[in-house]
Amino acid sequence: MTLRLKQGAAATRVLGIGSTQPDRVVTNDDLSKIMDTNDQWIRDRVGIIERRFADKDELLVDMAVKAGTSALADAGVQPSEVDTVIVPNCTMPSPIPNAAAQVADRLGIKRAGAFDLNAACAGFCYALGVASDLIRAGSSGKVLVIGAEKLTDWVDPVDRANAIIFADGAGAAVVGPAEEPGIGPVAWGSAGDLVDTIYTRDHRYLTQEGQSVFRWATTQIAPIALKALELAGLQPSDVDVLVPHQANLRIVDAIAKKLRVNGAREDMVVADDIKYSGNTSSASIPMALDHMRAKGSVKAGDIVLAIGFGAGLSYAGQAFICP
Ligand code: UT7
């Protein structure tokens, strides 16, 4: 007796992207009025100029719905064509219920397979890899991936080590079948021995050992990005756009520098969305790409290299073609 398997698509691609941010802009000067910090320190050490904070009544799920709506419109895909919704996030108000089922329902995606995926700031790249593989395995037709975070719920508002960094927002991608590969294999992994470097416990505020995570990110993440290129059969010189998770502009610059030492072009566009968005964890990569596309610094057909990293510690990256 053999079981039947479904026949999946030969390949996948990103069909559209979208993002949203809360209206409320919070500058470094605003923060310096409520904690011992200053604009110069934040710009020099992290690269942030301003960020967006959600109001109390704007929930993670609300932002996910907005970003999902804009990605569906960008892709020209109807909710009825989507059968799976994945919401990578690590900041739901409580573990139950998840975000994805509510988001699917509010988007009019009926009976969707719907689940959250927690790989913290690596969540979007993990979920993009899962979405692509679901389609290739025949488990899904089109998948909506929405990285959404309300980090301000989980950060002590006067903790200068974290409140200056983290922010709120959502970014989404619609993934569908394709004849030619448009999404490369994911390179992912974890370093659970470093779990104590970023955590929340018992619903308390986020704590991180900034310097340890900084050292890890600046030494261990570029090789994963290179691995993702190798898996996709690409060279560093093929990359048009590098979108690292927007954790710290100095980490972004360090990753870009290592890729250039390995052959990436000087004219490779490097995401610096953290300047105006802060660190939005699993939302940061699709949000950065959406903002860059809106500004015209990237265009459809560009080879994007995305690389996420964060609590877990977890990391994941892949190359894909910009929609
Ligand atoms: O997204 C998830 C993954 N997370 C990351 O990738 C974060 C990685 N880590 C980082 O980005 C950086 O470590 C931080 C941005 C978190 C901190 O920057 P840093 O350059 O590592 O600063 P530090 O913690 O070593 O602090 C340096 C100095 C200290 O003063 P002393 O001891 O040298 O006198 C701090 O007390 O800066 C002080 N400081 C501040 N000063 C003004 C720390 N925070 C602030 C602040 N404003 N907000």
Side-chain angles (χ1 to χ4, degrees), residues 26-51 53 88-91 118-126 147-169 171 188-192 194-200 205-222 224-225 243-256 258 271-275 277-288 306-317:
V26 178
T27 65
N28 295 338
D29 286 338
D30 292 336
L31 295 179
S32 70
K33 288 176 191 135
I34 54 169
M35 68 191 85
D36 181 16
T37 189
N38 60 78
D39 179 53
Q40 201 60 50
W41 191 95
I42 300 172
R43 284 181 193 236
D44 292 348
R45 304 294 274 236
V46 201
I48 298 174
I49 295 167
E50 62 186 37
R51 75 287 287 141
F53 286 177
N89 78 86
C90 56
T91 53
N118 184 348
C121 307
F124 178 78
C125 292
Y126 264 86
E149 303 284 5
K150 190 173 179 189
L151 282 142
T152 50
D153 275 351
W154 290 92
V155 170
D156 179 345
V158 292
D159 166 16
R160 72 174 185 169
N162 293 301
I164 58 141
I165 300 171
F166 293 106
D168 304 328
W188 69 22
S190 59
L194 299 174
V195 64
D196 286 336
T197 54
I198 312 178
Y199 61 87
T200 62
Y205 291 135
L206 184 147
T207 301
Q208 73 168 328
E209 280 178 30
Q211 287 189 4
S212 306
V213 181
F214 186 93
R215 266 194 306 279
W216 172 79
T218 50
T219 55
Q220 305 300 310
I221 297 306
I224 307 304
V243 191
H245 163 51
Q246 302 289 290
N248 183 322
L249 201 54
R250 290 188 292 143
I251 298 175
V252 168
D253 289 344
I255 294 171
K258 288 205 174 155
D272 61 0
D273 197 56
I274 189 170
K275 286 181 181 173
S277 301
N279 178 341
T280 57
S281 191
S282 68
S284 85
I285 289 173
M287 184 190 290
I307 180 83
F309 52 89
L313 298 178
S314 306
Y315 49 86

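We count ligands from 1, going down the list as the structure has it; atoms in each ligand are counted the same way. The structure presented is a predicted model; accordingly, all values stated were derived computationally and were not measured.
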Could you pull out all donor-acceptor pairs under 3.5 Å where a side-chain atom in residues 31-38 meets a protein atom, sequence neighbours excluded?
unit_1 : atom_1 : unit_2 : atom_2 : d
S32    : OG     : D29    : O      : 2.8
N38    : OD1    : Q40    : N      : 3.2
N38    : OD1    : W41    : N      : 2.8

Residues 211-218, side-chain donor-acceptor partners within the protein, below 3.5 Å, at least two apart:
unit_1 : atom_1 : unit_2 : atom_2 : d
S212   : OG     : E209   : OE1    : 3.0
T218   : OG1    : F214   : O      : 2.8
T218   : OG1    : R215   : O      : 3.2

Return a table of N or O atom pairs, ligand 1 on one side and protein on the other, at distances under 3.5 Å, rounded to 0.1 Å.
unit_1   : atom_1 : unit_2 : atom_2 : d
ligand 1 : 1 (O)  : H245   : NE2    : 2.9
ligand 1 : 1 (O)  : N279   : ND2    : 2.8
ligand 1 : 4 (N)  : Q208   : OE1    : 3.3
ligand 1 : 9 (N)  : G210   : O      : 3.0
ligand 1 : 11 (O) : N248   : ND2    : 2.7
ligand 1 : 13 (O) : G210   : O      : 3.1
ligand 1 : 20 (O) : R45    : NE     : 2.9
ligand 1 : 20 (O) : R45    : NH2    : 3.0
ligand 1 : 20 (O) : R250   : NH2    : 2.9
ligand 1 : 25 (O) : Q211   : NE2    : 2.3
ligand 1 : 36 (O) : R160   : NH2    : 2.8
ligand 1 : 37 (O) : W41    : NE1    : 3.1
ligand 1 : 41 (N) : W41    : NE1    : 3.4
ligand 1 : 41 (N) : R160   : NH1    : 3.4
ligand 1 : 47 (N) : T37    : OG1    : 2.7
ligand 1 : 48 (N) : T37    : OG1    : 3.1
ligand 1 : 48 (N) : R160   : O      : 3.0

Short question: side chain of S281, backbone of E149 - any donor-acceptor pair under 3.5 Å?
no
Applying salt bridge (Lys or Arg N to Asp or Glu O under 4.0 Å) to R43 and not counting sequence neighbours gives D39
Between P88 and S282 the two heavy atoms that sit nearest each other are O-OG, 2.9 Å
Side-chain donor-acceptor pair present, D153, T91, cut-off under 3.5 Å
no
